[in-house]
Every structure is written in structure tokens, then in C-alpha cells.
Protein chains: 4
Amino acid sequence: MALNININTGSSVPIYKQITEQIRLGVATGRLAVGDQLPSVRALAESLAINPNTVARAYNDLAHEGLLETQPGRGVFISAKRQVLSREESRRRLEPLINTLISEGMALNFSAEELQAAFAKQLRQWQNEKGNHHE
Amino acid sequence: MALNININTGSSVPIYKQITEQIRLGVATGRLAVGDQLPSVRALAESLAINPNTVARAYNDLAHEGLLETQPGRGVFISAKRQVLSREESRRRLEPLINTLISEGMALNFSAEELQAAFAKQLRQWQNEKGNHHE
Amino acid sequence: MALNININTGSSVPIYKQITEQIRLGVATGRLAVGDQLPSVRALAESLAINPNTVARAYNDLAHEGLLETQPGRGVFISAKRQVLSREESRRRLEPLINTLISEGMALNFSAEELQAAFAKQLRQWQNEKGNHHE
Amino acid sequence: MALNININTGSSVPIYKQITEQIRLGVATGRLAVGDQLPSVRALAESLAINPNTVARAYNDLAHEGLLETQPGRGVFISAKRQVLSREESRRRLEPLINTLISEGMALNFSAEELQAAFAKQLRQWQNEKGNHHE
DNA sequence: GTGGTCTAGACCACG
DNA sequence: GTGGTCTAGACCACC
């Protein structure tokens with residue numbers, strides 16, 4: 001199944017990050033497998049109606065991470081996924097992300113229960129998306 | 001209890017956001033109570049070795065959120081909590097925060113269940129902390 | 001129709017407020033419609049012969065109010081209208097505006113009835129104006 | 001009846017202006033008559049728990065306007081009220097005040113009807129206050 | 001002393 | 001090209 005990238009130009013998240021994030025996630029969720037081919041810089045830029053430089057930057061970032069490879073003349077491919085972080089290191093990185101969400105959520109006047117519910121709801125939506133790709 | 005703000009000038013997170021974040025956190029945990037006076041713009045700027053304008057911007061943002069009040073000539077104070085944003089707007093702002101956590105969490109190879117559990121655990125810690133400050 | 005902003009540097013009203021005020025007015029009267037692009041920070045600063053930071057601050061304030069959106073690298077646009085503040089907060093902010101009008105009006109020796117009449121008259125003019133822009 | 005001045009230190013309106021405004025209004029509404037004595041700078045400062053300099057500045061402003069006179073050694077008194085502005089000039093000054101209220105009110109998402117109602121309601125409150133003083 | 005406003009000019013991220 | 005952030009330093013209003 002081809003990767004379907006969605007861009008929100010109104011968001012404060014930079015476009016190139018939206019792209020890298022979605023590809024990274026596609027790999028993490030199994031939607032993109034090792035060896036899969038991605039659209040060319042030009043093709044993706046055109047289909048998203050954005051600047052080719054922006055796509056190039058996203059691909060470039062991912063190539064530096066080793067998540068994909070550009071084979072000149074052939075195209076762009078997902079390369080082997082490597083588990084670089086230890087479980088413990090992953091937890092260490094996760095914690096501040098959670099704390100940020102909690103403190104900002106509380107500043108927005110949400111109770112712990114509301115935050116919990118909103119988080120669970122959003123998680124379910126993500127899982128549904130993932131489920132659909134496996135059909 | 002005095003608030004101790006720490007700044008990391010090397011971080012990609014803007015300084016003024018590091019400040020707002022830590023003050024929000026102080027309020028959320030109960031370390032900062034309604035009516036508490038914060039250090040003056042100049043004093044905080046000096047102790048952090050940053051420009052007063054940067055502190056002023058942080059205070060300004062929080063004042064707009066209704067978290068604190070600036071009284072020209074007198075100082076800066078934690079204000080009584082009130083619902084400044086509409087619920088709809090609050091939800092609109094909460095959503096991207098949650099999505100960031102989920103997508104980064106998944107990029108870290110955590111399952112939905114693990115994320116949910118980690119979030120719930122962290123929330124419980126916050127509530128305990130807050131309880132302690134209310135003694 | 002292009003928005004024509006006029007600045008009075010001699011006024012005691014801060015420049016950034018003169019700007020926000022005129023843009024708010026443009027939106028309220030319908031002269032500025034959703035999706036319209038505003039002049040860039042630098043362009044407006046140059047045409048008004050003021051510092052770009054001052055324009056940026058005005059735009060920033062309006063963005064926080066939800067009246068416009070800044071898209072880094074692309075420009076500044078009028079955003080779809082939405083209820084950003086809670087009704088309670090909106091009323092809280094409206095009240096001092098009304099009180100100022102009343103006390104200044106009374107200082108000008110107008111009776112309550114005269115003020116009421118003048119206000120109603122002005123309101124009608126606004127509605128006519130707005131109607132014209134919607135044609 | 002003695003003048004009862006109320007100060008709101010949390011307001012964005014400077015304290016000295018709150019004082020001048022209330023005295024000006026007391027005269028306009030007849031609550032303060034020509035020849036009435038005002039509390040001394042020191043006495044008023046103490047009763048309001050504010051800085052004497054602030055009271056002095058307020059009295060000073062009003063003395064410059066000719067609304068009150070300080071008679072050294074005797075006290076501060078309301079002096080003759082003079083109608084300085086022509087009716088037409090008053091109207092010219094009133095109009096922009098009304099327009100500001102309307103455009104800001106609309107930016108706060110209030111309809112013309114809501115603005116009209118809020119204005120009428122606030123006006124009634126002012127009249128009740130005035131009425132009470134005449135009892 | 002306090003915060004508010006403005007300028008001038010720099011550097012960065014983004015498209 | 002766009003806006004975002006930060007610094008340095010000035011002047012003002014207020015207390």
C-alpha cells in the first residue's frame with residue numbers, strides 16, 4: 001500500500017517535520033516495510049503542492065538517520081530499521097514529554113480525568129488508523 | 001517556597017518558553033499559590049543572565065493566559081485561576097500536544113498500552129505532589 | 001480591497017495597539033475577509049516607517065486572539081472566526097471598555113439617554129457599512 | 001456626603017487615574033458640590049493604603065484642570081465647574097470612543113444586540129449609583 | 001524601584 | 001523571501 005501523507009499548512013508544526021514524522025511512524029507501525037519505495041522528491045512535492053526543497057529536506061533528515069536511502073537514478077527506499085535506543089533510554093526520553101503534556105493540559109484547566117480521557121480517545125484514533133492499513 | 005527557574009541556553013526550546021513552562025508547572029503542582037509574587041522582570045533577567053525583554057515576554061504570555069497579573073510599578077503576581085479560553089479552544093490546543101506525545105512515543109517503540117500506562121502513572125505522581133503542597 | 005493602516009506616532013496610544021485596532025476594525029466591518037493576506041511584517045514596517053518588531057508584536061497579539069494566523073515563511077492571513085475566549089472572559093474584557101465610554105461620556109456632560117442614543121446610532125452605521133462589504 | 005473612592009489595584013487603569021476619574025465624575029453627577037472639602041493627601045493615601053505620591057499626583061492633575069484648589073494650610077476644595085467644551089466638540093470627542101467600543105466588542109464576538117444590551121445594563125448601574133447619592 | 005513600549009540590529013528556521 | 005527569537009539599550013508611566 002502506498003504511503004498517504006497529509007500536510008496541514010495551517011499547523012505550527014513545520015511541513016518538513018510533518019513529513020518526517022509520518023514516514024517515521026509509517027515504519028514504526030509497519031505500514032512501510034524495508035525495501036519499500038517512496039515517491040520521488042518532485043512527485044511528492046507536486047502531489048502535496050509544496051516546495052520541492054521542503055520534501056528534499058525531509059528525505060535528507062531521514063537519510064541521515066539511516067531510515068531511508070536514496071539510490072541515485074533509481075529512487076528512494078526504506079532501509080533497515082534499527083533499534084538504536086535501549087528500553088531504559090526510551091523511557092527517560094518519554095517522561096519529559098508526558099510531563100509537558102500534563103502541565104500544559106492543567107494550565108488549560110483540564111482535570112486529570114479529562115486529560116486521561118482525551119489521551120485515551122486520541123490513542124484509539126491512532127490505533128484505528130493503524131488497523132486500517134493492515135487490512 | 002521560592003521558585004527556582006533553570007534555563008538551558010543550548011536547547012532548541014526558546015528561553016521564554018522554558019520560563020513559561022516552568023511557571024505553569026509551578027502553578028499546576030501548587031508550588032506557586034494565588035497571590036504569590038514572582039521575581040521582577042529585571043531581577044529574574046539578571047539571575048538568569050538573559051535579556052529583560054525575554055523575561056518580559058514570558059510574563060506577558062502568561063498574563064494573557066490569565067495565569068498571572070502584572071501590576072506596573074508594583075510587580076508580578078500569580079492571579080486567581082479562571083477559565084480564559086473557551087472549552088472548545090482549550091480542546092483545540094490540547095489536541096496537538098497529545099498527538100505529539102503519541103507520535104513521539106510510538107517513534108520510541110512504545111505500544112499504545114505502554115503509553116497509556118506511563119501516562120496514567122505520571123498523572124498519579126502529579127496528584128500526589130500537588131497534595132503535598134496543599135498541606 | 002487593500003487595508004490602509006495609518007499610524008499616529010505622536011499619540012499616547014502605543015503604535016502596536018493602533019495597528020491591532022485598525023485590523024480588528026477591518027475584520028469587524030468586513031473589509032478584511034477570511035483568507036485575506038496581510039502585508040508582511042517587514043513590508044508594513046517599512047511602509048509605516050516603524051520597527052519590524054512593532055508590527056510583529058501587533059500581528060502576534062492578533063494571532064493569539066485567533067483573528068489571524070501567521071505561517072512562517074509564507075505570510076500572515078486572516079483566519080476563520082472562532083470563539084477563542086470563554087464567554088465569561090469576553091464579558092470580563094468588555095466591561096471596562098463600556099465603563100470607560102460611560103465615564104468619559106459623562107465627563108463630557110452627556111446624559112445617560114444621550115449616550116444610549118449615540119451608541120445605538122453608531123451601531124446602526126456599522127451594520128450598514130458591514131452590509132455594503134458583503135455585497 | 002463624603003466622597004467614597006474605590007481603588008482596584010488589580011486593574012490596568014493606573015491608580016491615579018481611577019482617583020481623578022471618580023472625583024471628576026463626582027462633580028459631574030452632583031455628588032460633589034463647589035466648595036466641598038476633599039480629604040488631605042495624607043489621609044486619603046492612608047485610607048486607600050496607597051502611596052501618598054499617587055494621591056498627590058491625582059490632586060495635582062485636577063488642580064491643573066481647575067476642578068479643585070489646594071489652599072495651603074486649610075485643605076483641598078472643589079472649585080467652580082466650568083463648561084469648556086462646545087456641544088459639537090463634545091460630540092466629536094465622543095464618536096471615536098464609541099467606535100473603539102464597537103470594534104473591540106465585535107472582535108470579542110459580541111453581536112450588535114448584545115453590545116447594546118450590555119451597554120444599557122451598565123448605564124443603569126451607573127444611574128443607580130448616582131441615584132443613591134441623592135437620597 | 002516597578003513594568004510597558006519602541007528601536008536597531010542580529011541570527012535562525014522555514015519555504 | 002517569510003516570520004520567530006534574542007539582545008542591547010533607550011525612554012516613559014507608575015508607585
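In what follows, chains carry the letters A, B, and so on, assigned in the order in which the sequence lines appear, proteins first and then strands, with residues in each chain numbered from 1.
Contact check for T20(B) versus Y59(B): no side-chain heavy atoms found under the 4.5 Å cut-off. In this structure, the side chains of K81(B) and V34(B) stay at 4.5 Å or more apart for every pair of heavy atoms. A 4.5 Å side-chain heavy-atom check between L48(D) and T54(D) finds every atom pair outside the cut-off.
One atom, CG of L68(B), and another, P of dG4(E), lie 10 Å apart when rounded to the nearest Å. Regarding E46(B), its CD atom lies at a distance of 15 Å from the C1' atom of dT2(E), rounded to whole Å. Straight-line distance from the CG atom of L38(C) to the C1' atom of dG3(F): 13 Å, rounded to whole Å. Taking atom CD1 of I50(C) as the reference point, atom P of dG9(E) lies 16 Å away to the nearest angstrom. dC15(F) atom P lies 12 Å from atom CG of N8(D), rounded to whole Å. Nucleotide dG3(E) holds its C1' atom 12 Å from the CD atom of Q37(B), rounded to whole Å. As a whole-Å value, the separation of D61(C) CG from dG4(F) C1' is 15 Å. Taking atom CG of N60(C) as the reference point, atom C1' of dT5(E) lies 15 Å away to the nearest angstrom.
Donor-acceptor pairing under 3.5 Å is recorded for the side chains of Q122(D) and N99(C).
The pairing partner recorded for dC14(E) is dG1(F), the criterion being a Watson-Crick or G-U wobble arrangement whose two distances lie under 3.5 angstrom.
The side chain of S40(C) contributes an N or O atom lying less than 4.0 Å from OP1 or OP2 of dT2(F).
Partners of E21(B) by side-chain hydrogen bond (donor to acceptor under 3.5 Å, both in side chains), not counting sequence neighbours, listed by chain and number: S103(A).
Nearer the 5' end of DNA chain F, as judged by each residue's closest nucleotide, is the contact made by Y59(C), out of Y59(C) and A49(B). With DNA chain F read from its 5' end, the first of the two nearest nucleotides for P52(B) and A56(C) is the one closest to A56(C).
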Reading 5' to 3' through nucleotides 10-15 of chain E, protein heavy-atom contacts under 4.0 Å coded B for base, S for sugar-phosphate only, - for none: ----BS
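In this structure, E89(C) pairs ionically with R82(B), as a charged nitrogen and a carboxylate oxygen lie closer than 4.0 Å. A salt bridge does not link R93(A) to E104(B): none of the charged side-chain nitrogens sits closer than 4.0 Å to a carboxylate oxygen.
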